[in-house]
Amino acid sequence: MKNERSAQMTRGTSRAPHRSLLYALGMTEDEMKRPLIGVVNSYNELIPGHIHLNELTQCVKDGIRTAGGVPMEFPAIGVCDGTAMNHGGMKYSLVSRDVIADSCELVLTAQPLDAVVFLPSCDKIVPGMLMAAARLDIPAIFVTGGPMLPGKYGTERVGLSNLFEASGACASGKITECELSEWEKACCPTCGSCSGMYTANTMCCLTEAMGMALPGNGTIPAVFSERRRLAKQAGIQIMKLLESGLTARMIMTEDAIRNAMRVDMALGGSTNSVLHMLAIARECGYPLTVDEISDISDQTPQLCKLNPASSIFITDLNEVGGITAVMAELSKGGKVCVDNPSVDGSICGRITGNPGADGIVIRPISDPYARDGGLAILKGNLASEGAVVKKGAVLPEMMTHTGPARVYNSEEEATEAIFNGEINPGDVIVIRFEGPKGGPGMREMLTPTSAVAGMGLDNSVALITDGRFSGATRGASIGHVCPEAAVGGLLAFVEENDIITVDIPGRKLSLNVDPSILSERKAAQVPERRLRGIIARYEKLTDSAAHGASMNHIPLCDFSGYDESTNNKGDEG
């Protein structure tokens, strides 16, 4: 077994004090000779996707011990985007991704363990840990918490996105408060990440597609015993990765990242995945760009339409073969790199013999939902550096739309206007100063988008913002507009009733105002804020959403000559 990293704590006469502290943990002399495996448990009592992770963590630790290692558990934080939505707390959600990456790096470098198993589940926790895995570049494997089962209201299966839309329906008088109360008790019936192809499940599926998790990781429901067996097998598998010397960046290659983005396009995943994959790729030393993502979208058919784009849920995808089946179908058109390594061998080994599409949940590559991907990058004078839309969840009549701008300088202003009935068919809602710096924190805005849908306006109203949308968002909702208003992007110069054109097939987002008129305008001012603590630090350090909106952005590194010992070098002996 390889335990060179942990030997910095356990081997040699100069490490007697270190061993003494390990003995204080109850460790035996024999255990100190074995590989020490980090187990990062993001359990908390705040998030349904994490409430059950202690049980999965125990399964992982059982697997590690079965295979001869010593598990050493430590925690990671997590934010629930659902309960943080539509108030000031959402400003902190994206920030938590970088904090999670930093904290994992700190612990696993300060205490140099030999390998690591990550147990995340939800929106920012999964990408944060993937960023940490890339930085550390030690043997690593992921076990996510799994999706919750869909709820049921009457005869209809429902997910969290349906409930947000029901709030809009209630506000417009389409349903009563009593009916809304019944909805809210029905939507989230089990633990696990919310049941649709929202951000959490998107990122769990992409982790599997990259090869950083075992097959089934993205889709096996949280409450299934199969999820426990998967966790136990991951604990065993990490010991095999350590023995072989296969590290995270050996798996998270350029081909792996491209595979993930192609699967993302085939699934019609969350727009947040673009933001996260840009940041993850940079930690891997790969300069993924929105232009490359746009090319991948243009070349990759959409094979699945999952809630919120339809009434099909991720549990249905699991029943027809999950991500392995999606990749097998994509491989028929040469859309994935099958030779890339994975935590259990290679992508080729996973998909060999898999029939691929079932024809209903996964459409055949010869007859997809769309010839291009479920996400699209839009550019134009209003988004010269790009914007993102979940194309696969847009109604056909809204694929192109031109209308007057209704301009709001915060999510709260826009939400109030929507619930007060101030938005008219044909309008284009503009929400600015919600970007990485302008928010700060680039809030997710499911409340206004779902209110528009719940009020029956999703077939006639578009919404654009320099902020973000939940993966549960559907409709002509265009986010991540770059440059953002706070740094002088054209969004800051939009005025009430300016005409805006959204052209998703043409990949355009345009402000139809003469340049000579625009040159005479002054940019709207960022609303006054009093910032302190982590949010002030984020506002100062964050990068553009076009690069991942990370406050840890650094020039892309060439890792070929990197020697970890220069960062973590103690006395010899």
Side-chain angles (χ1 to χ4, degrees), residues 48 80-87 90 123 148 150-189 193-202 268-272 305-314 374 389-398 411-412 414-425 427 429 431 443-463 465 467-479:
C80 178
D81 281 13
T83 52
M85 198 73 67
N86 197 226
H87 59 80
M90 179 51 75
D123 300 46
M148 71 168 59
K152 193 171 184 181
Y153 183 73
T155 60
E156 180 185 3
R157 291 193 304 167
V158 292
L160 188 64
S161 62
N162 303 95
L163 182 56
F164 273 91
E165 292 181 16
S167 296
C170 183
S172 62
K174 292 185 177 182
I175 64 172
T176 67
E177 290 189 15
C178 288
E179 289 174 306
L180 182 62
S181 178
E182 292 303 312
W183 271 86
E184 65 189 56
K185 294 169 185 173
C187 272
C188 300
S193 47
C194 298
S195 55
M197 186 48 71
Y198 313 153
T199 306
N201 287 327
T202 297
S270 166
T271 52
N272 281 316
K305 269 203 173 186
L306 306 175
N307 177 272
S310 78
S311 59
I312 300 172
F313 285 82
I314 194 166
V389 62
K390 191 168 185 173
K391 180 181 74 65
V394 178
L395 293 171
E397 58 267 39
M398 290 299 294
E411 179 188 2
E412 287 85 357
T415 300
E416 183 178 2
I418 294 167
F419 279 111
N420 286 342
E422 299 172 13
I423 303 301
N424 302 309
D427 286 348
I429 301 169
I431 307 177
R443 281 193 286 186
E444 226 175 51
M445 289 179 277
L446 179 55
T447 299
T449 60
S450 57
V452 166
M455 292 178 172
L457 294 171
D458 55 321
N459 63 351
S460 61
V461 170
L463 194 156
T465 181
R468 307 182 290 127
F469 297 118
S470 165
T473 291
R474 64 183 178 92
S477 301
I478 296 92

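Because only heavy atoms are used, hydrogens play no part in the values below, and waters and symmetry mates are left out as well, while side chains stay in.
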message: Taking the side chain as everything from C-beta on, heavy atoms only, tell me whether Arg474 gets closer than 4.5 Å to Ser161.
response: no
query: Do side-chain atoms of Ser310 reach the backbone of Lys305 as a donor and acceptor pair under 3.5 angstrom?
result: yes
- prompt: Roughly how far apart are Tyr198 OH and Ser193 OG, rounded to 0.5 Å?
  reply: 10.5 Å
message: Take a 6.0 Å sphere around CD of Glu179 and say whether it holds more than 12 heavy atoms from other residues, nucleotides or ligands.
response: yes
message: For Phe469 versus Thr271, what's the shortest heavy-atom pair and its separation?
response: O-OG1, 3.8 Å
- prompt: Got Asn307 and Asn162 here, is their nearest side-chain heavy-atom distance under 4.5 Å?
  reply: yes
task: Not counting sequence neighbours, which residues clear side-chain contact (heavy atoms from CB on, under 4.5 Å) with Ala169? List them please.
output: Lys174, Ile175
- prompt: Quick one: CE on Met148 to CG on Leu160, what's the gap to the nearest 0.5 Å?
  reply: 7.5 Å
message: I need the minimum non-hydrogen distance between Cys80 and Pro48, along with the two atoms involved.
response: SG-CD, 4.4 Å
field: Under the ring pair (Phe, Tyr, Trp, His ring centres under 6.0 Å) test, residues paired with Tyr153 that sit two or more places apart
entry: Trp183
- line: side-chain contact (heavy atoms from CB on, under 4.5 Å) with Ser270: of Asn201, Thr199, Asp123, only one passes, and it is Thr199
task: Verify, without hydrogens or angle tests, whether Arg468 (side chain) and Gly479 (backbone) share a donor-acceptor contact under 3.5 angstrom.
output: no
query: Nearest 0.5 Å, what's the OG-CZ distance between Ser311 and Arg157?
result: 7.0 Å
- request: Compare every heavy atom of Val461 with every heavy atom of Asn424, then report the nearest pair and how far apart it is.
  value: O-CG2, 3.5 Å
task: Using a 4.5 Å cut-off on heavy atoms from C-beta on, say whether the side chain of Ile418 contacts that of Val452.
output: yes
- prompt: Has the side chain of Thr415 got a donor or acceptor atom that lies under 3.5 Å from a matching backbone atom of Glu412?
  reply: no
message: To the closest 0.5 Å, what do you measure between CD (Glu165) and CG (Leu446)?
response: 8.0 Å
message: Restricting to non-hydrogen atoms, name the atom on Pro308 and the atom on Met197 that form the minimum distance, rounded to 0.1 Å.
response: CD-O, 4.3 Å
field: Closest approach of Phe164 to Gly82 (non-hydrogen atoms, all atoms of both residues)
entry: CZ-O, 4.3 Å
task: Would you check if the side chain of Thr202 reaches a backbone N or O of Gly269 as a donor-acceptor pair within less than 3.5 Å?
output: no
message: Just so I know, are the side chains of Met398 and Asp458 near enough to count as touching, which here means a heavy-atom distance under 4.5 Å?
response: no
Glu411 side, atom CD; Met445 side, atom CE - distance, nearest 0.5 Å: 5.5 Å
query: What's the shortest heavy-atom distance between Ser477 and Val389, and which atoms?
result: O-CG2, 3.5 Å
field: Note, Met85 side chain near Glu444 side chain (heavy atom, < 4.5 Å)
entry: yes
statement: Rounded to the nearest 0.5 Å, the CD1 atom of Ile478 sits from the OG1 atom of Thr449 at a distance of 11.5 Å
